[in-house]
Amino acid sequence: MNHEFSIESRQFNLWYGDFQALFDIDIGIRQGIITALIGPSGCGKTTLLRSVNRINERLGYVRTEGLMKVMQKNILDSDVELAQLRKQVGMVFQRPNPLPLSIRDNILFAHKLHTQSHEKLSRQDENNLVENVLRQVLLWDSVKERLHQKAIDLSLEEQQKLCIARLLPVKPSILLMDEPCSALDPKGTEAVEELLWELRGQYTILIVTHNMAQARRVSDESIFMLMGKLMEHAPTDQMFVTPACKETADYIEGRYG
Amino acid sequence: MNESTNQTVSHSIDDCRNLDWYIDKFIQVFVFIGGISAIVFIIGIFFFITNEGIGFLFKSGFQLTPHAVSLLEEAKIPDDTLAALDELAGENFETATELEAALEDVLMPEELSQFQALIVKSAVYEPFSISEFFTSYRWKPTSEWNPTYGILALIAGTASVTGFAMLIAIPFSLGAAIYIGEFATGRQREVLKVLVELLAAVPSVVWGFIGLSIMNPLIIRLFNVPIGLNVLNAGLILGLMAAPIMTTIAEDALKAVPDRYREAAEAMGATRWQLVFKVVLPASKNGLVAAVLLGVGRGFGETMAVLMATGHTINLPTSVFDSVRALTATIAAELGETAVGSDHYQALFTLGILLFLVTFLINLTADLVVRGIRKG
């Protein structure tokens with residue numbers, strides 16, 4: 001196995017009940033870069049994304065087959081602790097979903113989940129941690145005066161940045177993003193894309209997007225999916241200029257989708 | 001061609017009062033009456049209870065008791081004196097001296113002296129005061145010599161039974177709601193929900209029957225106490241009665257927590273318990289408090305089961321094995337045997353006002369809590 005891959009799958013199949021959503025997916029997501037998942041609605045890109053931290057299983061009627069490796073460990077093994085997996089693989093959702101807590105408590109939520117009571121941080125250390133991650137997501141200056149206010153009261157853009165920020169204290173290696181900008185206005189989208197570039201290199205980022213221009217702007221590599229199958233995986237520049245498959249070319253040019 | 005189109009259009013505007021229009025109007029009026037009648041009934045009930053009971057609260061002074069009048073009537077006195085006496089019986093006097101003076105006017109001196117001792121001893125009421133109503137534990141409305149109306153023991157009875165019931169119902173119902181809402185899935189969840197709703201539909205007299213015929217001997221045997229109709233029995237019964245309703249409301253509150261909170265917490269690696277305690281419960285706490293309050297209101301207002309299971313004994317309870325009597329049960333048991341308009345009758349309606357106010361306050365608080373309005 002290649003160690004430069006953060007996420008790697010072999011013959012990965014997934015069923016929702018009787019419906020097969022993913023067919024024999026083989027991917028290798030390289031460490032530290034941004035990979036975009038593109039494809040028409042219902043092609044399985046979100047399903048694939050949600051398989052990486054196994055959040056799909058909440059539904060209760062999901063069945064998988066094959067191999068899905070995250071940091072060289074097959075996460076479908078029975079000895080995998082979901083809490084540990086999800087500590088390593090953070091996820092950002094389509095709609096910003098801060099918890100109904102204060103901004104500060106949102107940031108510390110995951111951190112508190114994953115620390116035992118004896119290694120609790122002092123209040124000063126917590127404050128430093130909060131400041132540190134909020135600076136990383138370029139949010140510190142706008143919220144530093146209101147850390148104890150409800151996170152729900154922030155603007156959508158700020159909420160989405162907060163949702164990214166709250167993943168960072170537990171030091172994940174992978175960030176999954178499911179159309180993180182689809183609920184934001186163009187200005188918010190720009191701000192979040194800027195943030196993605198800031199985070200690039202420190203984290204392996206896998207992002208689902210419907211927006212071709214966004215995929216082109218933010219990603220190093222792109223994966224095109226269609227009808228639950230992986231059609232093409234190539235560097236973004238190459239895919240958008242000289243796509244290998246006819247379907248990719250058609251989709252990128254907007255002939256369907 | 002153009003003209004005919006215009007005609008069709010104007011025709012359809014004129015002719016809008018067809019059957020659908022009338023049905024629509026009828027339904028509107030019907031629904032409006034239905035809605036407004038709730039308010040009318042509430043106000044009507046409030047006025048009725050207040051009107052019947054309020055006189056008692058502002059009563060003061062002295063009156064001949066019916067018992068004294070009947071004693072006087074048994075003596076051989078002339079008919080016109082009798083009529084005057086009847087009139088006197090309905091009157092209210094500021095002081096005992098005034099009452100005696102009035103009696104002297106009516107009765108012959110020898111008759112008066114004959115009954116003087118009796119009149120002084122028993123024919124007058126002790127002055128009524130509202131503080132006595134709330135602080136005396138003597139509830140003896142049917143006493144011929146000296147009826148007293150102290151509801152402290154009744155309040156203590158209701159409070160102890162309701163309190164004990166909540167000790168049982170709160171953990172049970174919240175646990176059940178969390179299990180049904182957050183852990184049970186699919187078929188199991190549906191079956192549980194139906195069963196809980198079925199439990200809520202058990203008539204209270206059936207619960208009372210269980211308390212009387214099953215719990216009573218069980219408690220006597222288990223705890224070796226002389227009587228099993230007590231706070232423990234009624235509290236258990238009432239707790240089991242209130243729990244299904246509280247479970248249903250609490251589960252609704254949990255269901256109202258958006259799923260994206262759960263998804264967010266799970267994606268951060270929260271276990272099911274962490275999810276429930278750190279996200280779902282804090283997010284639904286208003287609804288849960290409301291569920292508890294409505295359960296308290298239910299327990300407070302419950303009548304039949306507590307009448308049957310408390311033992312119906314006027315008592316300030318000192319342990320859970322003491323029999324007590326509840327406010328509601330007192331009204332239910334005694335109202336049928338009082339003369340309309342008598343002091344006893346009015347006192348029972350005063351209890352009704354009290355119950356109405358307390359349940360109204362509890363429900364109002366629950367409503368405000370649900371809306372998230374914090375006081376102060």
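On a predicted model such as this, the values are computed, not experimentally measured, just so you know. We name chains A, B, ... by the order of the sequence lines, and we start the count at 1 in each one.
Neither the backbone nor the side chain of P169(A) comes within contact range of chain B; no heavy atom of the residue lies under 4.5 Å from a heavy atom of that chain. At a 4.5 Å heavy-atom cutoff, the contact between L113(A) and chain B is made by backbone and side-chain atoms alike. Residue contact with chain B, scored on non-hydrogen atoms closer than 4.5 Å, is absent for P172(A). For V92(A), no part sits under 4.5 Å from any heavy atom of chain B, backbone or side chain. For R54(A), no part sits under 4.5 Å from any heavy atom of chain B, backbone or side chain. The part of Q274(B) that comes within reach of chain A is its side chain, from C-beta onward, which places non-hydrogen atoms under 4.5 angstrom from that chain.
Looking at heavy atoms from C-beta onward, N56(A) lies in side-chain contact with Y16(A) at the 4.5 angstrom threshold.
Counting heavy atoms of neighbouring residues, nucleotides and ligands inside a 6.0 Å radius, atom CZ of F360(B) does not exceed 12 of them. With a 6.0 Å radius and a threshold of 12 heavy atoms from other residues, nucleotides or ligands, D18(A) has its CG atom at or below the threshold.
Heavy-atom pairs under 4.5 Å with chain B were tallied for P100(A), P98(A), A83(A); the largest tally goes to P100(A). Interface remark: of the candidates Q88(A), M91(A), R58(A), R58(A) forms the most heavy-atom pairs closer than 4.5 Å to chain B. Interface check for chain B: of the options Q84(A), R95(A), R166(A), the most heavy-atom pairs under 4.5 Å are formed by R166(A).
Across every non-hydrogen atom of G66(A) and L76(A), the tightest pair is O-CD1, 3.5 Å.
Aromatic rings of W15(A) and F19(A) (six-membered ring for Trp) have centroids beyond the 6.0 Å cut-off, not under it.
Side chains of Q214(A) and T209(A): a donor on one and an acceptor on the other come within 3.5 Å. With no hydrogens or angles considered, no side-chain donor-acceptor pair links T248(B) and E251(B) at under 3.5 Å.
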